[in-house]
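If you read the sequence from its start, that first residue is 1, and numbering goes on from there. Note that the structure is a prediction, hence the values are computed from the model and not measured. Both ligands and their constituent atoms are indexed starting at 1 by order of listing.
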Amino acid sequence: MILRAKYLLPNSLQVIENGALVIRGSQIAEVGTYEAVKRGNDSEVRDLGEVVIMPGLVNAHTHLELTHHQDLIQRTSRFTDWLSQLIRNHKSDSEWVDSAVKDGIEMSVAGGATSVGDIHGFGMSAHTHKNSPVRTVVFFETTGFSPERTHIGVKRIDDYLASSPQKDALFQPAVSPHALYSTSATLYRYCLRLAQSRGLPLCTHLSETKDEIEFLASGTGAFADLLKAFGISMKEWTPSGCSPIQHLKDIGILEYRPLLAHCNYLTEADIKILAASNATVAFCPRAHHYFHHDSHPICRLIKAGVNVAIGTDSLASNWSLSMLDELKYLANTQDGLPPHTIFDLVTINGARGLSLERVGKLEKGWYADVIGVAIPDDGQSVIQQILDESARIILAIVAGQVCFDHGAQRDN
Ligand SMILES: [Zn+2]
């Protein structure tokens, strides 16, 4: 198939007017102007008209199993209150979880995401992902703070991986030790060894709140209260006395290529440590707003050379799973970010963060993960028009297969 539109953005730096790409099987066979691509190629042409063709968006951090949690969580900006509600609303009904994940996938694709990094904590939806048309990295999540619970956490991650579907072009199993306030260093090291020996991506929640920083520094505050409320012993644990980033480095995680969700509170020393590592930071702008955090250090991270990606987080702390909405919000709230940088954050940087190869640009031999975005065509730069309030997703293709199709023109 030849996909044609008024504009084609193969990456953040290039605009091809009257552009087209040839999709053959799951891959891109050619990219260029329509005239050049059409020459000598009589494949069927799909003309999208006044639309931008660009790489599919990468949602680097979400929890699709929480898609139906919106009404179960009372709004609060205090993270530990929110987390406590989430723990009390743990779901063990596989049909319920499946339906949440299915709806979450549908919303993700309609919002322009062709790749998703999804945290999987209930242990029931990996097969739903495997059968979905979206490219997914499923991070099996485990927790375990005390020695007894660490033992349970080891078994949980072993069981998840043993029952996981096999990796294929669209499905990648991965591991996620949850967070430093819920997961022991022993369990982190166990997950790291699993990731290293099997080549699995690894994600963790890090430096999300000031409470987490206090807890690691002195063992006091809201997280100490939360552990106590859930009967979790801190007896055999001593606070690291340093920042979450330094502590994760000491555990050995940063030597790998971890995806670090949030990183909302960072010192200059933390940023230096991250810049010297292979880590990716997944910033979730609207979830950040939901919890009324201080402004995110995204500009400082990018300046320091850290790979930053973007996630929606879940509907338990966001009002949509649309990556296009997330993009627009980011552009409206982060003046310091040029449009081409925002484009990179949600395409190539996200792909790098999820360890996805040949994803995040439109190039010959790369996967045909493509979206069509209807734009106002009002004379602004093309990337700025993608960030315009009126822009909308009309087409999403993953590995050459159409997953979402809404209102596009057809020619020939
Ligand atoms: Zn999360």
Thinking salt bridges, do Glu268 and Arg300 make one under a 4.0 Å N-O criterion?
->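 Salt bridge: yes.
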Protein-derived N, O or S atoms lying under 2.8 Å from the Zn ion (ligand 1), waters excluded |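 Protein heteroatoms (N, O, S) closer than 2.8 Å to the Zn ion (ligand 1) number 3.
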Can you name the one residue among His63, His69, Met107 that meets side-chain contact (heavy atoms from CB on, under 4.5 Å) with Leu315?
->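 The residue from His63, His69, Met107 that satisfies side-chain contact (heavy atoms from CB on, under 4.5 Å) with Leu315 turns out to be Met107.
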Could you tell me how the ring of His61 sits relative to the ring of His262: parallel (under 30°), tilted (30 to 60°) or perpendicular (over 60°)?
->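 Answer is perpendicular, since the angle exceeds 60°.
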Pairs flagged by side-chain hydrogen bond (donor to acceptor under 3.5 Å, both in side chains) wherever residues 331-344 is involved - sequence neighbours left out |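 side-chain hydrogen bond (donor to acceptor under 3.5 Å, both in side chains) check on residues 331-344 returns Ser12-Asp344.
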For the side chain of Lys361 and the backbone of Asn11, is there at least one donor-acceptor N/O pair under 3.5 Å apart?
->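 Not at all, since once roles are kept as given, no pair shorter than 3.5 Å links the two residues.
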Rounded to the nearest 0.5 Å, how far does OG1 of Thr67 lie from CD of Glu106?
->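 Taking CD in Glu106 and OG1 in Thr67, the distance rounds to 11.0 Å.
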